[in-house]
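Heads up, the thing below is written out as structure tokens.
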Amino acid sequence: MEVNVKIGDLIKAISLPATVSDAIKIFDKELAKKAIAAKLNGVEVDLYRELPTTSEVLLIEPILPDTREGLEIIRHSTAHLLAAAILDLFPGTKLGIGPALMDDPRYGFFYDVIAPRQLTETDLPVIEKRMREMAKRNLPYRREEVEKEKILEIFKNRDEPLKCELIEEKVEGKGSIYYIDNSPFIDFCLGPHVPHTGKLKAFKLLALSGAYWKGDSSREQMQRIYGNAFATEEELNSWLRQREEAEKRDHRRLGKELDLFSIHDEYGQGLIFWHPKGGAIRKEMEDYLREELQKRGYGMVFTPHIAKRQLWQISGHEENYADSLFEPMRMPEKFNEEIEFRIKPMNCPFHIGIYKTKPRSYRELPLRYAELGTVYRAELSGTLHGLMRVRGFTQDDAHIFCTPEQVEDEVGACVDFAYDVLKTFGFEKFKVELSVRGKSDGKHYLGSDADWEKAEKALMKALEKRAIPYERIEGEAAFYGPKIDIKVEDSIGRLWQLSTVQFDFNLPERFELEYIGEDNKPHRPVMVHRALFGSIERFFGVLIEHYAGAFPFWLSPIQVAVLPITDRINEYAQLVAERIRQSGFRVETNLRSDKIGAKIRDAQLQKIPFMLVLGDKEKESEKVAVRERRSGDLGQMRLDDFIKILQNLKQSKAISFDVEKFIEKEV
RNA sequence: GCCGGUGUAGCUCAGCUGGUAGAGCAACUGACUUGUAAUCAGUAGGUCGGGGGUUCAAGUCCCUUCACCGGCUCCA
């Protein structure tokens, strides 16, 4: 019995029985050695898979370790190796799931377990050591296809209730199980896997954490062990180095080192204190934004931080977001006023208040209200994270009230605005998501089907008109309307969700908003929420990490460091600094009696864009010697010329300093 | 909130199996007067996150509480 096999452009016959691996061998022995799995007629299978009897030509594509598919298999197999080692060391451990992670920059795989005793971080090296021992023994991964009842029986006998639950849900008829020879490990799994543990050469266990079974906080709390694996040791090491680099740009660390902001246990978790240097950056952000808002026809509004409790009953915040609202506060008892207030979790009801101060005509729409509104939300303590997740933050919030006809243009204008802002701050890569209703995801959506259809269409059209590629995500919409989210990719490839444009069917209803149309009849306006930075705190955090603290000139808290070489020059240095300050730039003078090298190092570590090194030569010629933080020494020039360069950089909001351009200016 | 870890000077950290605290940097003072990433010397600085307990004796062991870190859940 023979079967025809095709690899690449060649077709060869092979006599059965034979495995995928055998087939690859007759084409290319080296390839057969390198491959860790293969695709058989497009389906990923193990190398040990028996070739079926067929008159058709079997297409085989070997999967190599240096491909994404190969890496995924390596990571998945490493997760199994991890579980095997744990079972070996801690008999009686219950297994959850153990997938490969391909899009998480932090980890490459995990396995969720419930061990007979709580595991701690000190167990990780022990487990990893056992994994290495098992890897060295080249233990084969075996696959078997069996009836559902049989699989259930196996896992029931092994007392694996969670696995049984999975099998009940996933298997119909037959399913596949894997085991590793000479190990206590059996898993319910689709595969494929590497042929044997010897193929796993570069892995590392990284973290131990808690995880709920099926992500459900009412279910068992398991322990999750994270690790990563690569095809080669070099790749693993380079990944580990990159990880260290990412740690160095952690905004919490840089926030301290650069004196940008602080958080105080004794004043409250998740509450941000902006220091002068962080404040300088925030002021630039806000100034820029206000200018843009003015140009784009927004009205700036300012509203209180608290309001009567009933406002949030009308708005629906009390019923929909009860968990994230701070408890109500009361007037002092002796006042004898039975009023309850709440601190605001959102700005929208206030903007609605302004809208409702008088009857509105279609002629005044769209009305665009913008506010840098500070809101407070009762986030769980375990979720707080530096500037990224806080309990008090300022939104660059805006609400647009318009007619249904205007909404597409308004949404489009928001998207344009968002792109302009994000690009100005140096982001170049974007990922856009359109979140719409799910078919039947159990969520209770407000608004009629017709409203939703119109709204989704308006959002879609706005994106398509601009040829912006987007991903449509069903079931991710808020209960009150569909939305567009814009994510940016930072300088080390991480995605951050920043801007959002959202429809709201809920609030116009609840607050009974109206405008008088051309037909002299009342109509309900459409309301669009929109934030570009999202939260100013969070955006700031993302900026810190994106630039690793080396902000573009226009944002830098200190833009110029004036560094006199000796005390003799101090007076001249202060003169120079004052000129620069009066020209509108943030400047610092270092009058300490350090050597110039130390002063430069200091300024460099503070990531100050320009240093002026001033000695006797500069004083006599009334010039400045300019050093740029990245390009180094740029030579002498007249102070006025230097200030012109600064003005140019400031005005253009240049992201980076271009030496070429600078030298042209010199000539 | 849940699971694991951590909490020692402004910062980064050392302090073995319990014997009442140490380094580097920063700060301050003085000397040096310096040409593109760390000049030298000296001084000061801590009720070891808080509370309770075991012990003759606790930074070290136990309990509790707070905060932070890594995750999970959540994220309008």
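Chain letters run A, B, ... following the sequence lines, proteins first and then strands; every chain starts at 1.
Side chain of A:Q604, nearest nucleotide from B:rA37, B:rG35, B:rG1: B:rA37. Checking B:rC3, B:rU34, B:rG1 against every side-chain atom of A:Q118, the shortest atom distance belongs to B:rC3. Considering only the side chain of A:I600, B:rU36 comes nearest among B:rG70, B:rU36, B:rU73. Side-chain proximity of A:K256 to B:rC11, B:rU39, B:rU36: nearest is B:rC11. Closest approach to the A:K595 side chain among B:rU34, B:rC68, B:rA37 is made by B:rU34 (side chain taken as heavy atoms from C-beta onward). Counting only heavy atoms from C-beta on, A:M346 has its side chain closest to B:rA76 among B:rC72, B:rU34, B:rA76. You'll find that the side chain of A:D594 is closest to B:rU39, out of B:rA76, B:rG4, B:rU39. When each of B:rG35, B:rG4, B:rA37 is scored by its nearest atom to the side-chain atoms of A:E121, the top-ranked nucleotide is B:rG4.
Judged by distance alone, with hydrogens and angles left aside, A:Y212 brings no side-chain donor or acceptor close enough to the base of B:rG71 to form a pair under 3.5 Å. The base of B:rG4 does not come close enough to the side chain of A:Q221 for any donor and acceptor atom to sit less than 3.5 Å apart. Residue-to-nucleotide contacts include no donor-acceptor pair under 3.5 Å from the side chain of A:T500 to the base of B:rA76. With hydrogens and angles ignored, a donor-acceptor pair closer than 3.5 Å exists between the side chain of A:S593 and the base of B:rC32. Judged by atom type and distance alone, A:R224 does not reach the base of B:rC3 through any side-chain donor-acceptor pair under 3.5 Å.
At whole-Å resolution of the value, CZ in A:R253 and P in B:rU12 are 9 Å apart. Across the protein-nucleic acid pair, A:L614 atom CG and B:rU33 atom C1' stand 15 Å apart, rounded to whole Å. Note: NE2 (A:H264) to P (B:rG7) measures 22 Å, nearest angstrom. Atom C1' of nucleotide B:rG5 and atom CG of A:L124 are separated by 11 Å, given to the nearest angstrom. Taking atom CZ of residue A:F110 and atom C1' of nucleotide B:rC72, one finds them 10 Å apart after rounding to whole Å. Rounded to whole Å, the distance from CG on A:N570 to P on B:rC32 is 16 Å. Distance CG (A:D602) to C1' (B:rA27): 13 Å, rounded to an integer number of Å. Per the geometry, CG belonging to A:L384 stands 15 Å off P belonging to B:rG71, to the nearest Å.
Taking only side-chain nitrogens and oxygens, A:Y107 comes nearer than 4.0 Å to OP1 or OP2 of B:rG71. Close to B:rC75, at under 4.0 Å from its OP1 or OP2, lies no side-chain N or O of A:H385. Checking the phosphate oxygens (OP1, OP2) of B:rC68, a side-chain nitrogen or oxygen of A:Q269 falls inside 4.0 Å. For B:rC69, the OP1/OP2 oxygens have a side-chain nitrogen or oxygen of A:R252 closer than 4.0 Å. Taking side-chain N and O atoms only, A:R106 has no distance below 4.0 Å to OP1 or OP2 of B:rG70. Side-chain nitrogen and oxygen atoms of A:R568 include at least one within less than 4.0 Å of the OP1 or OP2 phosphate oxygen of B:rU34. Note on A:R592: every side-chain N or O is 4.0 Å or more away from OP1 and OP2 of B:rC28.
Ring to ring, A:W452 and A:F505 are close: their centroids are under 6.0 angstrom apart. Ring pair A:W312/A:F350: centre-to-centre distance below 6.0 Å. Separation of the A:Y355 and A:F401 ring centroids falls under the 6.0 Å cut-off. A:Y267 has its ring centre less than 6.0 Å from the ring centre of A:F273. Here A:W496 and A:F539 keep their ring centres 6.0 angstrom or further from each other.
B:rC3 sits 29 Å from B:rC11 when the P atoms are compared, rounded to a whole Å. Atom name P, nucleotides B:rU6 and B:rC63: the rounded distance is 13 Å, in whole Å. One C1' atom belongs to B:rG15, the other to B:rA21, and the distance between them is 8 Å to the nearest Å. Separation of the P atoms belonging to B:rU65 and B:rG5 is 16 Å when rounded to the nearest angstrom. A gap of 32 Å separates the C1' atoms of B:rG71 and B:rA9, to the nearest Å. Taking atom P on both B:rG45 and B:rC56, the two are 34 Å apart, rounded to the nearest angstrom. Distance noted for atom C1' between B:rC68 and B:rC25: 23 Å (whole Å). Spacing between B:rC2 and B:rG59 at atom C1', rounded to whole Å, works out to 29 Å.
Across every strand in view, B:rG30 sits in a pair with B:rC40 that passes the Watson-Crick or G-U test at under 3.5 angstrom. If you check B:rC25 for Watson-Crick or wobble pairing at under 3.5 angstrom, you find it paired to B:rG10.
Using a cut-off of 4.0 Å between Lys/Arg side-chain N and Asp/Glu carboxylate O, A:E244 and A:R241 are scored as not salt-bridged.
An aromatic stacking contact between A:Y226 and the base of B:rG71 is absent, as defined here by ring centres under 5.5 Å apart and ring planes under 30° from parallel.
The aromatic rings of A:H399 and A:H351 sit perpendicular to each other, their planes meeting at more than 60°, with 30° as the lower class boundary. Aromatic ring pairs are classed by plane angle as parallel below 30°, tilted from 30° to 60° and perpendicular above 60°; the pair A:F553 and A:F610 is perpendicular.
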